[in-house]
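Starting from 1, each residue takes its place in the sequence as its number.
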Amino acid sequence: MNVYDNANELAKAMRESHEYKKLKEAAVVLEKDPDTKKMVNEYLMAAQEVEFAKHQGKTPDAAAMDKLEKLQGILNLNSDAMQYLNALIRFQMMLMDVTNTIQDVVKEAMGDK
């Protein structure tokens, strides 16, 4: 089996994973409520801005932190939103584990250990 076949098998396994299925199910539910979907997207964008600032070594802007906290407080009260966000986190964790495994091979090939 070559690398491309294995990559296709990995993609298939990911689609068959519990994490992928739960994320897709939660996304279908979220699609039925445009207001909640919009709020979830706003929250994800705000969280991304805060993380980006942290990765640059900056302190996140107070307004961005307030916005993130307010959105999180609202979304915590919405079970559909929380189900989606929790499923997204679990899927991202799986993806990160797979990516780290692949990165280890790349590091070995490049001479880094």
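- A single hydrophobic cluster is seen to contain both Met14 and Ile102, as judged by linkage of ILVMFWY side chains at heavy-atom distances under 4.5 Å, directly or through other members.
- Here the side chain of Asn8 pairs a donor or acceptor atom with the backbone of Tyr4 at under 3.5 angstrom.
- Contact annotation: the side chain of Arg15 approaches that of Tyr20 to within less than 4.5 Å [non-hydrogen atoms, C-beta and beyond].
- Atoms OG1 and CE, on Thr59 and Met65 in that order, are 10.0 Å from each other to the nearest 0.5 Å.
- When each of Lys21, Lys22, Glu16 is tested with His18 by the rule side chain to side chain contact (heavy atoms under 4.5 Å, CB included), just one qualifies, namely Lys22.
- The hydrophobic clustering, which links ILVMFWY residues whose side-chain heavy atoms are closer than 4.5 Å, places Tyr43 and Met45 apart.
- Interatomic distance, CG of Asp61 versus CG of Leu68, reported as 11.5 Å (0.5 Å rounding).
- Considering every non-hydrogen atom in both Leu30 and Ala81, the closest pair reads CD1-CA, 4.5 Å.
- Put simply, Leu10 and Leu23 are part of the same group of oily side chains (I, L, V, M, F, W, Y) that touch within less than 4.5 Å, one to the next.
- By the side-chain contact (heavy atoms from CB on, under 4.5 Å) test, Glu51 pairs with Lys54, His55, sequence neighbours left out.
- Annotation: side chain of Val40 is in contact with side chain of Thr36 (closest heavy-atom distance under 4.5 Å).
- With sequence neighbours left out, the side-chain contact (heavy atoms from CB on, under 4.5 Å) criterion links Lys32 to Val28.
- Put simply, CG on Asn6 and CG on Asn2 are 7.0 Å apart, with the number rounded to the nearest 0.5 Å.
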Donor-acceptor pairs are to be reported for all side-chain atoms of residues 82-96 against protein atoms at under 3.5 Å, with residues two or more places apart or in another chain.
residue : atom : partner : partner atom : Å
Asn86   : ND2  : Met82   : O            : 3.1

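- Annotation: the span from Gln72 atom CD to Lys70 atom NZ amounts to 14.0 Å, rounded to 0.5 Å.
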